[in-house]
Amino acid sequence: MSERALRVAVLGCGTVGTEVVRLLTEQADDLTARTGARLEVVGIAVRDTSVPRADVVDTRLLTTDASGLVRRADLVVELMGGIEPARSLVLEAIEAGAGVVTANKALLAAHGPELYEAAEERGVDLYFEAAVAGAVPVVRGVRESFAGDHVRRVVGIVNGTTNFILDEMTARGVGFGEALADAQALGYAEADPTADIDGHDAAAKIAILASLAFHTRVSIEDVPVEGIRYVTAADVEAATRGHHVIKLLAVAERRTTEDGEGITVRVHPALLPLEHPLAAVHGAYNAVVVDTEAAGRLMFYGQGAGGAPTASAVLGDLVAAGRNRVSGGRGPAESRYADLPLLGADQVTTQFQLRLEVADVPGVLAQIAGTFGEKGLSIMTVTQEQVQATDGAAVLVVVTHRASEAALAATADAVARIPSVKRVLAVTRVEDV
């Protein structure tokens, strides 16, 4: 077994950082054999060295001097989260010639190009498998396994908190507030769950995946986002009656327009038919479906969060970066040769479902159909829900053919002004099988 050692600096010692340190200690011999050198933790940067730590953490390694630590490391593991000081420290590590492993999706989605360019210029590795879906190896799959293929579409459930909440609402019939409280009690949601329930966490992750899949730089600022905050128990119940489930989806796809090829990226709740592979993803699990030209459809599934699963992905990257360090090789660099344009909302098409509370009188359906026709929106199906509505009203469910967001918005606004339409209960996107 090699006597060579690689100095490892760990930035952050929360749940994931502690698990990384534990695995580095408990699996030291195996990791040495796989890497070709011993991975030696030379320091753990924390905000406060007096905070009690798990027994596996050697408190003698704790330091508040993160800058000094990264400058004496061969490999740096960034698990601090947030933008600063993580960004400055990663750049400092790269400048010092260290390979970097990070689980920081917010940092990559906002400043990825800056970090990629710095790593390329300095000739060091930047790995980030754990930044997208925890233990699920979708980054490596998209970046390396499909390097010889043509990715058409990526759609996934990449936030375990929102999936748990929607799953609870579906399985138990509870409202959003109660499901969120359950998620917080079980540790699936933070005290401030805004980033999760408003879709920003998923937006950061799909920005990273879209960049990899389509060889084009995509920032979190490029991703239109709609979270699950306003999904009601009635919406979920209606989806169940229609043999669908509601999931928060992150979608990136390549589309051909009159002006050529472009890509669309978005995050929003959507109705999934029960036969869709993502419909069966329960609890806090993540799953990503990738459609390619040659390989066809593939699905990546597993635990998307948690200390041990995320640490597993971090260690996989650390071994890869360590092997490269030993052999003098390099991991994958940023690929952005395609530089495809990002398409606007008027060029994005999908199916929609509108649930309408209408007066139960003759001619209502004709009025609605006429309005759709005037706006150029094609109706695929219309059904009446067998539910008890108020004041003698009926609930109609209209599913459109594919249409643009702009056309749908104009149509929904016009439909709401029809006198016999009492309320537009919900407008929800529908995902194809």
Verify, without hydrogens or angle tests, whether [X] (side chain) and [Y] (backbone) share a donor-acceptor contact under 3.5 angstrom.
X: Q184; Y: E190; answer: yes
X: D291; Y: R152; answer: no
X: N163; Y: G283; answer: yes
X: D149; Y: A294; answer: yes
X: E78; Y: M80; answer: yes

For T232 and D235: C-alpha separation, side-chain torsions, deciding distance, then whether side-chain hydrogen bond (donor to acceptor under 3.5 Å, both in side chains) applies. CA-CA 5 Å; T232 68; D235 295 332; 3.1 Å; yes

Hey, are the side chains of [X] and [Y] touching, using non-hydrogen atoms and a 4.5 Å cut-off?
X: E334; Y: E120; answer: no
X: F214; Y: E261; answer: no
X: I206; Y: V251; answer: no
X: E178; Y: R172; answer: yes
X: R53; Y: I44; answer: no
X: M380; Y: H401; answer: yes
X: V289; Y: M299; answer: yes
X: L377; Y: F352; answer: no

Is it true that [X] and [Y] make a salt bridge, defined as a side-chain N closer than 4.0 Å to a carboxylate O?
X: E117; Y: R217; result: yes
X: K422; Y: E357; result: no
X: R266; Y: E253; result: yes
X: R153; Y: E431; result: yes

Which heavy-atom pair separates G156 from L278 by the least distance, and what is that distance?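 Scanning both residues completely, I find the closest heavy atoms to be CA-CD1, 4.1 Å.
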
Under 3.5 Å, is there a donor on one side chain and an acceptor on the other for [X] and [Y]?
X: T349; Y: R255; value: yes
X: S67; Y: E92; value: yes
X: S219; Y: D222; value: no

Suppose the criterion is ring-ring contact (aromatic ring centres under 6.0 Å, His included): which pairs have a residue in residues 298-318, not counting sequence neighbours? Y285-Y301

Test: ring-ring contact (aromatic ring centres under 6.0 Å, His included). Region: residues 159-205. Which pairs qualify, not counting sequence neighbours? F164-Y188

With D201, which of T194, T162, N159 fulfils side chain to side chain donor-acceptor pair (under 3.5 Å)? N159

Check the pair V90 / V70 against side-chain contact (heavy atoms from CB on, under 4.5 Å), numbers first and verdict last. CA-CA 8 Å; V90 168; V70 300; over 6 Å; no

Go through the steps for L354 and L408 under the test side-chain contact (heavy atoms from CB on, under 4.5 Å), then give the verdict. CA-CA 10 Å; L354 291 83; L408 184 279; 3.9 Å; yes

Value rounded to 0.5 Å, distance of CG in L271 from NZ in K247: 12.0 Å

Counterpart residues, ring-ring contact (aromatic ring centres under 6.0 Å, His included), relative to H215 (two or more places apart): Y337

